[in-house]
Amino acid sequence: MAEVEETLKRIQSQKGVQGIIIVNSEGIPIKTTMDNSSTVQYVGLIHQLVMKARSTLRDLDPQNDLTFLRIRSKKNEIMIAPDKDYFLIVIQNPSD
Amino acid sequence: MEIVHVYVRRRGDFGRQSHFSDRPAELLVDIGPDPPLADGFIHRDPRDVATQSAQEMSEHQVNTERFESESRGINHVEGGWPKDVNPQEMEQTIRFRKKVEKDENYVTSVLQLGSVMENCIKQNNATDIYQDYSEDEEAADEVQEPPAAKTVNVFRDPNEVKRTVTGLSWHPDGNRKLAGAYSCLEFQKASKDMSFDSYIWDIENPNRPELTLKPVSPLVCLEYNPKDCHTLAGGCYNGQIAFWDTRRGSQPVELSSVEQSHRDPVYKLIWMQSKTGTDAFSASTDGQVLWWDMRRLSEPTERLVLDLSREGSLDAALGASALEFEATMPTKFMVGTEQGLVLSCNRKAKSPAEKIVCTFDGHHGPVYALQRNPFFPKNFLTVGDWTARIWSEDIKESSIMWTRYQTSYLMDACWSPVRPAVFFTVKMDGVLDVWDVLFKQNEPTLSIKVCDEGLYSLRLQESGRLLACGSRLGGASLLELGPSLSTLQRNEKSLVAAMFERETKREKILEARQRELRLKERSRSEQSREDDGAKEADGQEDPEELIARAEADFFSAIDAEIKRRQKEEDKHRVGGVICKTFPRGLFSLVEEEEEEEEEEEERAFQFEKVLKTQQCCCFYFCHFFS
């Protein structure tokens with residue numbers, strides 16, 4: 001429990017990190033550092049995207065799997081680390 | 001006995017069905033082998049015959065029906081909660097979350113994911129991993145691509161009865177929207193069910209216009225207000241001016257009164273630079289140029305009648321078909337007329353008679369487009385009849401540069417806003433020509449056939465990359481220009497400036513020469529009139545007399561030349577005689593054995609000169625050598 005907190009705190013303290021969300025496989029945000037409405041928006045959309053990305057890779061090569069997904073946009077970067085049951089979403093604003 | 005007359009007619013002539021009957025096959029021609037003819041041929045064995053066994057393919061083109069797509073967004077609300085948890089209840093959700101956090105699986109997952117994530121975050125912070133490393137190399141790439149343009153989109157008139165796109169205007173900010181004025185300019189060809197609407201298109205969505213404008217009469221021209229991007233003004237077919245605000249819907253906010261407006265279609269309407277940002281002026285073939293304030297369209301603020309005799313009578317006025325206004329010179333404007341003249345006018349002239357400053361005469365037909373070069377405002381482009389001409393304000397007699405007579409009528413033209421040497425023209429055969437005066441002057445640099453029907457209007461976006469042209473059947477095509485046509489080349493401004501100067505100077509010299517010749521003619525004819533009073537007016541000489549005079553001039557010139565030559569020869573010969581008395585010792589070391597007369601003469605001539613200055617020395621030397 002404490003390690004989880006520590007990890008999240010460490011991530012949060014990195015330069016440019018705007019928000020962290022931990023989501024379970026059903027799309028319920030377990031932990032979040034952002035406000036509720038944005039969290040719900042992010043979760044709903046990203047969940048679908050991750051599912052689609054994963055299924056795409058699996059269709060191309062059944063032995064393959066998604067390890068990390070990075071979406072770079074004009075304003076920031078959304079990084080998604082998927083796991084079997086949970087995923088971790090971090091929104092970072094690269095400082096350049 | 002009855003007298004009967006029988007005549008036969010075909011059943012078909014009575015409108016009856018013809019009877020068909022079978023007929024056995026007839027042999028029409030039978031050509032049998034003719035042995036004597038075979039002697040004329042040689043038997044050839046073996047022979048090469050090519051065969052091919054390939055799969056037979058056929059090509060088909062299929063065009064599916066266009067499907068309409070719409071973009072929509074989704075708003076998410078919470079969901080996914082298990083059945084026993086009510087998302088609205090804070091307690092229940094918190095309890096659920098706490099339960100999950102205690103899960104073993106959760107802890108390990110998060111720790112592992114956390115470390116992976118940290119790695120990426122640190123990576124991001126360390127350097128910009130998406131940095132474009134190849135950016136520097138692009139600058140060194142000087143490969144000149146051939147000029148190219150391609151069609152990006154076509155916006156078709158959604159109505160059944162197609163109308164011509166007579167005017168186009170880009171949205172002043174952001175250039176994402178294009179307004180098109182649709183009307184039918186052909187005399188009495190407008191059908192009763194032709195719609196009057198004009199449209200504003202979003203360039204990303206060619207399927208449906210973004211906004212429909214509903215005037216009382218079809219719009220011939222339409223312009224966005226450069227100061228306020230929500231307002232537009234349009235000139236109608238019946239001469240009225242209408243003012244729209246896109247936030248207020250499709251109906252015009254204000255409409256000018258019929259009595260005070262033009263009596264003919266308004267061909268061009270331009271917004272002016274003013275403090276209020278609501279002034280515009282319009283021109284029409286009824287011979288008037290009217291100034292309006294958009295807040296009060298009931299009557300124009302000022303009126304000018306394009307009458308060259310400066311009397312202000314509408315009957316003698318010239319119909320205006322093009323208008324030009326440059327914001328950097330707010331008091332001057334130019335009008336292109338149906339008669340082929342371009343009038344330069346000054347708005348702030350004291351009396352109406354002085355408003356028309358000067359005229360430029362160059363076209364045989366109506367001037368359909370008129371625009372100053374955005375980089376060199378003294379030079380302007382006009383298009384009319386089958387040529388495009390570039391003028392300089394200083395030279396009023398003729399244009400400084402012009403294109404060849406094209407095969408079809410030119411309908412509109414415009415300068416590129418980014419390259420001073422490039423301009424575009426559209427023609428009645430549907431071809432868009434791109435002219436680059438620095439590259440090729442006698443033909444267009446690039447000719448693109450945009451569509452089969454004629455193109456009537458043309459507008460370039462401010463960035464210089466996108467171009468919209470409107471056709472007769474209501475299709476507005478959006479073209480994107482290649483980078484070589486839309487980026488300023490090195491030294492282009494100075495080269496173009498030099499070219500315009502050169503051409504202007506040439507025309508000036510020609511003009512001056514013409515004037516001189518005319519003056520001479522006039523003075524000569526006046527003189528000859530004084531000499532014998534019964535002479536007719538200038539230029540009325542018979543061709544015979546002209547020929548005789550030319551001959552006489554010619555022969556007298558030849559005689560004079562011959563006499564002059566003779567005189568020179570005599571002079572030389574005299575010099576040569578004198579020289580011969582002196583021994584040629586002075587020259588003998590240098591001279592050749594046989595020299596020609598001329599050489600001798602020349603040397604003798606030189607010697608004569610020397611002689612005159614140093615006579616004694618020569619004598620002395622001669623004695624010495626001989």
Side-chain angles (χ1 to χ4, degrees), chain A residues 1-18 20 22-32 36-48 67-70 72-73 76-96, chain B residues 70-136 174 176 204:
Chain A
M1 239 326 269
E3 294 118 359
V4 168
E5 290 295 334
E6 203 197 300
T7 310
L8 293 180
K9 215 177 293 218
R10 221 181 28 236
I11 294 179
Q12 182 79 29
S13 63
Q14 293 284 352
K15 191 158 71 126
V17 171
Q18 282 172 343
I20 310 178
I22 304 181
V23 194
N24 80 347
S25 50
E26 277 150 30
I28 304 175
I30 306 296
K31 201 133 180 85
T32 171
N36 199 28
S37 52
S38 326
T39 303
V40 168
Q41 188 90 18
Y42 267 99
V43 163
L45 295 163
I46 290 179
H47 185 76
Q48 292 177 42
T67 52
F68 201 83
L69 187 61
R70 248 177 159 156
R72 177 72 165 232
S73 75
N76 47 26
E77 181 160 354
I78 303 173
M79 291 176 277
I80 304 149
D83 191 60
K84 200 159 61 68
D85 302 317
Y86 302 92
F87 27 102
L88 175 64
I89 303 171
V90 173
I91 299 120
Q92 186 190 22
N93 193 357
S95 49
D96 44 20
Chain B
E70 237 184 88
S71 296
R72 286 175 186 255
I74 305 177
N75 193 17
H76 286 269
V77 287
E78 283 194 63
W81 293 100
K83 276 209 221 26
D84 50 352
V85 177
N86 184 358
Q88 311 298 335
E89 289 267 328
M90 277 280 289
E91 273 189 38
Q92 291 188 14
T93 53
I94 291 177
R95 210 187 314 145
F96 180 81
R97 284 200 174 107
K98 283 224 166 63
K99 192 170 60 156
V100 172
E101 281 173 17
K102 292 209 172 68
D103 186 14
E104 202 35 63
N105 213 0
Y106 172 81
V107 174
T108 39
S109 299
V110 174
L111 289 175
Q112 192 252 320
L113 292 177
S115 61
V116 171
M117 183 63 78
E118 259 196 273
N119 200 7
C120 286
I121 292 176
K122 284 183 185 156
Q123 210 179 49
N124 257 348
N125 282 332
T127 70
D128 180 10
I129 66 176
Y130 298 100
Q131 187 184 33
D132 196 5
Y133 293 107
S134 54
E135 224 175 69
D136 301 330
R176 310 238 340 125
E204 305 288 319

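To find a chain, count down the sequence lines: A is the first, B the second, and so on, and within it residues start at 1. Atoms considered below: every heavy atom in the structure, side chains included; atoms not considered: hydrogens, waters and symmetry mates.
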### Query
Using a cut-off of under 4.5 Å for heavy-atom pairs, which of A/I20, A/V4, A/L8 has the most such pairs with chain B?
A/V4
### Portion of B/N119 that has a non-hydrogen atom of chain A nearer than 4.5 angstrom
neither
### Query
Quick one: does A/D83's side chain have a donor or acceptor within less than 3.5 Å of a partner on B/S109's backbone?
no
### Summary
Of all heavy-atom pairs linking B/M117 and A/L88, the shortest is CE-O, 3.5 Å
### Task
Please look at B/Y106 and chain A and tell me whether the side chain, the backbone, both or neither of the residue comes under 4.5 angstrom of a heavy atom of that chain.
both
### Query
Side chain, backbone, both or neither: which part of A/V43 has an atom under 4.5 Å from a heavy atom of chain B?
neither
### Message
At a 4.5 Å cut-off on heavy atoms, which part of A/Q92 comes close to chain B: side chain, backbone, both, or neither?
### Response
side chain
#### Entry: Side-chain touch B/N124/A/R72, heavy atoms, less than 4.5 angstrom
yes
### Message
If you compare all heavy atoms of B/L113 against all heavy atoms of A/Y86, which two are closest, and at what distance to 0.1 Å?
### Response
CD1-O, 3.9 Å
### Query
So which of B/K98, B/Q112, B/K122 has the biggest tally of heavy-atom pairs under 4.5 Å with chain A?
B/K122
### Message
Please classify the contact between A/F87 and chain B as side chain, backbone, both or neither, with a heavy-atom cut-off of under 4.5 Å.
### Response
backbone
### Query
If every non-hydrogen atom of B/R97 is compared with every non-hydrogen atom of A/I30, which pair is closest and at what distance?
CD-O, 3.1 Å
### Query
Checking heavy atoms, do the side chain of A/I80, its backbone, both or neither come under 4.5 Å from chain B?
backbone
#### Entry: B/C120 backbone acceptor or donor facing A/R70 side chain under 3.5 Å
yes
